[in-house]
Structure formats: C-alpha cells, structure tokens
Amino acid sequence: MRVIDFFCGGGGFSEGFRQAGFDVIWSVDNWQIAVNTHKENHPDSISICDDVIRIAGLSDEEFENLVPDSEVIIGSPPCTSFSNSNNSGNADKAIGIKLIEAYLRIIARKKNKEGSILKYWILENVPKAEPHIKKEYSAKDLGLDGDFILRPKEGNSGVFNAKNFGVPSSRIRYFCGDFPMPKQIARDDSSLIPLKTILTALGNPKEKLHRKITDPIYELQLKGEDVSDHHYVQLLSDFETTKLRRLKQDKGYMGKMSVPENPEKPARTIMATMSFTSRECFVLGHTNGKLRAPTIREVATLMSFPIDYRFYGNSLGTKYRLVGNAVPPKMSFAFAKAMMKESNKNFRTKKYTPIQHGHETEFINLNLNEIPIKKEKRKKATARFKYHIPFFKFETYRVELTNYHSDFDKLNFIWNAEIHYNQGKDKAKIYIPQLTNFEFNRPDLQKANKFINQIKNKILSHNELQDVHCLTIKEIKKNDLVGPYELLDILRKFLNKEFNFQKDKKDQVLLSEPPNQLPRPIAIGYFILTCCINLMTISNGKNPKNKRA
C-alpha cells in the first residue's frame, strides 16, 4: 500500500510505515531541513517543501496534480500551539486549529473524490489538541462542495503512549482518524524498555568508536565509526548544572526528579528544544559527577529511530529538533502493522531493511566534534527573582525571597520576604506578617540573632543585591559576594545546623494576624530573612559605598 505524509518532519512517521512494508511515495513539510532529512532517508519518496495550508486551498486540478492518490494518508500538524511548554499551555491556538483544519480538508478531498482509493488516515498531535478537533465537519465547515460529513474522532481514536509500542521513552500523543487499533506490545513496567538498555548498547560517546554497535531495537549492526552523531561529548557547565538541580529537585511544590536520569526506567519525553536548564530536559551522567547532554544518536534511539537513520541538520540544535518533533517510528510501525494485517491476514513482520540513503544533501556528522562548554552570561539589569529557602518546606508552607515588587522601569529595586502556602488558584495564599507579631522562645531568638550578626557584613543595599543577582556565579564566588541565591543557601544551611526542627504539626508559632499560626521552622526562617532585608533597607538609607561590579 502507498502512503503520503503531511507535516512529515524528519520522517519518523514515514519510517514506521516503511518498516511495515508500505511504499512512502510523497511527503511535504515547510521546513527545508526536515524535507532534506526525509528525502535522504526515503529517497524513493517525492519530498517537497511547501505550505500545507496553501496546498489545502488549491483548485481541484492543481491539488490533484500535486498530491498523488494513496491508500493511506498520515499527518502530524505542528503541536506548538497546544503544547504545555508554550506559554504554560496558554498560547494562541488559532494557528494550530488552522493547520489541523487544512489537513482535514485534504483528507476530505481525497476521501470523497470520485474513485477514491483512500482506505486509512491518521492525524497525530498532543493530547491538548483533542478538544479543538470537532466530532464532525461538514463539507461547508471545510470550505468544500458536497454534502458529506467527516468524523475524525470515530473508531479507534484516542491517547496512546509510545512506550507501550516498543519505544524506550515516554511520549503521550493523541491519534484520530480512520485506522484499526494498534497492538500494544508492552503494558506494564516490567516489559518496558529502560534507558540503560539503550545506553549500554550504544556505549558512552567515543567508547565504541572502533567497535561494532548493535542496535538495541532492530536487527542491525554497524561499525562504531558508521554510527553518526554519537561520538562527541557535550558537557553541561557548572551554572547549568546548578540551575538544573534547582529546577528538578526543588521546584516549588513539585516532586523531585532524577538528576541525572534514572536508567532503570524508560526515558522521559524527548523535547524538540535543546535546553538543559529546564525542568523537563533530559540529561545524563558523566565522569567525576559531571552532567552531559545526550548525543543526537542517543535521543534518536530513545525515539526508536534505527542507528542507520541520518539527520541532515547543520547544528546540534537543528538535529535535536528533527528528533524531538518526530513521531517515534516504532509507534508508527504499530499503526502501520495494524493496517497491513487488516488488509492482508497473512502479514508477517519482516526483518529490518537497512536504509539506502540518498546523496543530494551534504551530511554533517557530529562525530569527533569538540563541543564548547556553555559560558554563563550576566543577567539583564532588570532580572527578576523569585525563589524560596531551598529544600525547606513544612506543611506546604515555604519562605520566599523576591524582587517582584520593584520599580523595574526606574531601576529602583525592593526585596521582600513572603510566606507562600500551597499552590493552585483556590488554595494558594501569600502572607507577609509583621515581625512584631512573632513570639519566639529565648533560644530561638538567640540563634536568629547569631545568624544576623554573622551575615550583616555581607548584606548589601536593595539595589546592590540586584546588581549581584545579575552577575555570573563565577564572578560572585571570585569576589566573595552574597547574592539572593547565596543568601538563601546560607540561611538554609544555618537553619538545618542550629535548629532541631521536627515535622510535627504541634510545633507551631502563634500569630495575631493571618494565618494565625505557622510551623515553627517557617516562622523562624521568615523572621530571619525579613531581618536581613531590614538590614538592606538600613544600608539604603546610609548610602553606603557603591559595591556594584
């Protein structure tokens, strides 16, 4: 059977169908690098760079001359509009909806034409796209003539996780259209492919450069030097590592995440952006406690691309995007296999057929490249800050330091201590109680004063603290300065050392204002941090010598 692929990207969706014995005859994407990658890995397919919305609006004659007939149509409209990572899931959905409807218009045109041979079609996207896809579309809805109804959500449409189809990473996606139910091959944790299986098979970067590498998913073995985009090391800098550990292990009220990744489980979802200072990013361990980025080959294998698949980007970032935007081939294969079986009861899974690459596009191999360690840059003068005493949470209370109440336009900075309670629109609250409303026992006050006396010579004015906040970690350490992160770190270490805090709900400090009582550790932490801020205010008033770097 023949397949055409819309929004083909680097060809992951097509690759699964190729492996199942389909003929991928035509594909389109509006990113030339993706088109090149698809073309070179599927040289028998006509791969073009064009706009799907434009194609959907062509006249009948132009449309039929451009888009061939096929038994199967697959498509993955870009999911950026619906993704949680785009503006925290609040991005404008209009362009995403427009792309989906353009694709559905194409399906409708091929499905309802006279003599149509279209038997199956699939639309793939993130689960958040599902509410924006209607149960049915009339010809009029799609700007077409006729009285047909297209029902994309009928049949076996639903949410599927790639890890249940032999993909060694988690990837939850919504599929709708007209297709038989794909068979899951892994339903419980014991049958999933863990990260360590992939890392062991590929070996550390450069480790198997002169040895054979056996694909952990397919019956395929290559010389180490023939496995592209794997034999290089991209180390994370110290500042990236520091920020990453903060985000993954002490991000508000969120749970802790493994740093580096847990090798005993399938890998987390591979993202399209190559950022290594985000909570959802994927990092691996290296020697001497260092962290490194995964190689392009590692993430590609985790997405179930065979080790002979090539990515025709000209940089790390473009190759990573090609991988991260793809439909995992093993997941695609499950859908293709179900179609083949429904059409031909004698279908048998064939041995993997190696890729015969095209030769029209120059291939840039990252092997043996020297990847420079990223250098930290100073923050903008108006950099905002909002963080809590690290690893210091009691009964969903945290003590936070922030400069959010500053006049950023006039560069007049104000730092505040706040008590944050819980999260969510209905439960989250912020308290800023007056210090005069706290009553502590004598030993607690003595310890609090001990910290204040120790730190007071390091305390800067409000504006000077902002200046230190904008410096690099290296500059702060070199000049022995205390910025907001350093202040919170020092305070947390002092609290853990000097106070015998117990997570006992009876250990409370009463207040004469909301919240009327606080866990003793939170009350003491807030008290000390507020006293430090009061010292900053005094420094402002005395106009101390400018300590800005």
Inset, instruction - Would you give the length of the straight line joining atom CG of L104 to atom NZ of K111, rounded to the nearest 0.5 angstrom? - result: 12.0 Å
Legend entry - Derivation and outcome, side chain to side chain contact (heavy atoms under 4.5 Å, CB included), residues L150 and D141: CA-CA 10 Å; L150 182 68; D141 291 334; over 6 Å; no
Legend entry - Any residue meeting ring-ring contact (aromatic ring centres under 6.0 Å, His included) with Y387, in chain and number order, not counting sequence neighbours: Y485
Inset, instruction - Mind checking side-chain contact (heavy atoms from CB on, under 4.5 Å) for T382 and listing every partner two or more places apart, or none if nothing turns up? - result: K380, F408, L411
Inset, instruction - Start with the C-alpha distance between Y137 and I149, add both sets of side-chain angles, then the distance that settles side chain to side chain contact (heavy atoms under 4.5 Å, CB included), and finish with yes or no. - result: CA-CA 6 Å; Y137 294 82; I149 299 292; over 6 Å; no
Inset, instruction - Among residues two or more places apart or on two chains, list those pairs meeting salt bridge (charged side-chain N to carboxylate O under 4.0 Å, His left out) that have a residue in residues 317-326. - result: D229-K319
Inset, instruction - Fit a plane to each ring of F175 and F179, take the angle between them on a 0 to 90° scale, and name the class: parallel (under 30°), tilted (30 to 60°) or perpendicular (over 60°). - result: perpendicular
Inset, instruction - Would you please indicate if the ring centroids of F7 and W31 are separated by under 6.0 Å? - result: no
Legend entry - Pairwise side-chain hydrogen bond (donor to acceptor under 3.5 Å, both in side chains) hits with a residue in residues 162-172, at least two apart: N161-S170
Legend entry - Carboxylate-amine/guanidinium contact E400 K386, below 4.0 Å: yes
Legend entry - Partner set under side-chain contact (heavy atoms from CB on, under 4.5 Å) for S27, not counting sequence neighbours: D5, C8, H38, S45, S47
Inset, instruction - Any chance you could measure C281, atom SG, to K248, atom NZ, to the nearest 0.5 Å? - result: 4.5 Å
Legend entry - Minimum side-chain heavy-atom gap N125-P77 below 4.5 Å: yes
Legend entry - Cation-pi check, R384 onto Y404 ring (under 6.0 Å, within 45° of axis): yes
Legend entry - Salt-bridge present (E298, R292; N to O < 4.0 Å): yes
Inset, instruction - Only pairs at least two apart or in different chains count here, so list each ring pair (Phe, Tyr, Trp, His ring centres under 6.0 Å) that has a residue in residues 241-266. - result: none
Inset, instruction - State, yes or no, whether a side-chain contact exists between V72 and M339 at a heavy-atom distance under 4.5 Å. - result: yes
Legend entry - Non-neighbouring partners of D50 that pass side chain to side chain donor-acceptor pair (under 3.5 Å), sequence neighbours left out: R54
Inset, instruction - Kindly indicate whether a cation-pi arrangement holds for R2 with F22, taking the cut-offs as under 6.0 Å to the six-membered ring centre and within 45° of the axis. - result: no
Legend entry - Any side-chain donor near an acceptor of the partner, S258 and E261, under 3.5 Å: no
Legend entry - Counterpart residues, side chain to side chain donor-acceptor pair (under 3.5 Å), relative to E418 (two or more places apart): H405, H420
Inset, instruction - With sequence neighbours left out, write down each residue that passes ring-ring contact (aromatic ring centres under 6.0 Å, His included) with F363, or none if nothing qualifies. - result: Y312
Inset, instruction - Using a cut-off of 6.0 Å, state whether more than 12 heavy atoms not belonging to K379 lie near its atom NZ. - result: yes
Legend entry - Charged N-O contact under 4.0 Å between K119 and E71: no
Legend entry - Separation of Y309 OH from E40 CD (nearest 0.5 Å): 10.5 Å
Legend entry - side chain to side chain donor-acceptor pair (under 3.5 Å) partners of K110, counting only residues at least two apart: E64, D69
Legend entry - Stepwise side chain to side chain contact (heavy atoms under 4.5 Å, CB included) check, V299 with Y320: CA-CA 8 Å; V299 291; Y320 206 94; 3.9 Å; yes
Legend entry - Whether over 12 other heavy atoms sit under 6.0 Å from L66 CG: yes
Inset, instruction - Please say whether more than 12 non-hydrogen atoms of neighbouring residues, nucleotides or ligands are located less than 6.0 Å from CG in N65. - result: yes
Legend entry - Test ring-ring contact (aromatic ring centres under 6.0 Å, His included) applied to Y421 - qualifying residues, sequence neighbours left out: Y397
Side-chain donor-acceptor contacts of residues 194-204 below 3.5 Å, not counting sequence neighbours, with atom names and distances?
| residue | atom | partner | partner atom | Å |
| --- | --- | --- | --- | --- |
| K196 | NZ | E264 | OE1 | 2.9 |
| T200 | OG1 | K196 | O | 2.7 |

Inset, instruction - State the CG-OG1 distance between L222 and T214, to the nearest 0.5 angstrom. - result: 9.0 Å
Inset, instruction - Give, for atom CD1 of I107 and atom CG of L118, the distance between the pair rounded to the nearest 0.5 Å. - result: 6.0 Å
Inset, instruction - Take the angle between the ring planes of F311 and F305 and call it parallel below 30°, perpendicular above 60°, tilted in between. - result: perpendicular
Inset, instruction - Output yes when D250 and R398 qualify as a salt bridge under the 4.0 Å nitrogen-oxygen rule, no when they do not. - result: yes
Legend entry - Any donor-acceptor N or O pair under 3.5 Å, side chains H230, T295: yes
Legend entry - Inter-residue atom distance N36.CG - T361.OG1, 0.5 Å rounding: 4.0 Å
Legend entry - Ionic contact status for K330 with E15, cut-off 4.0 Å: no
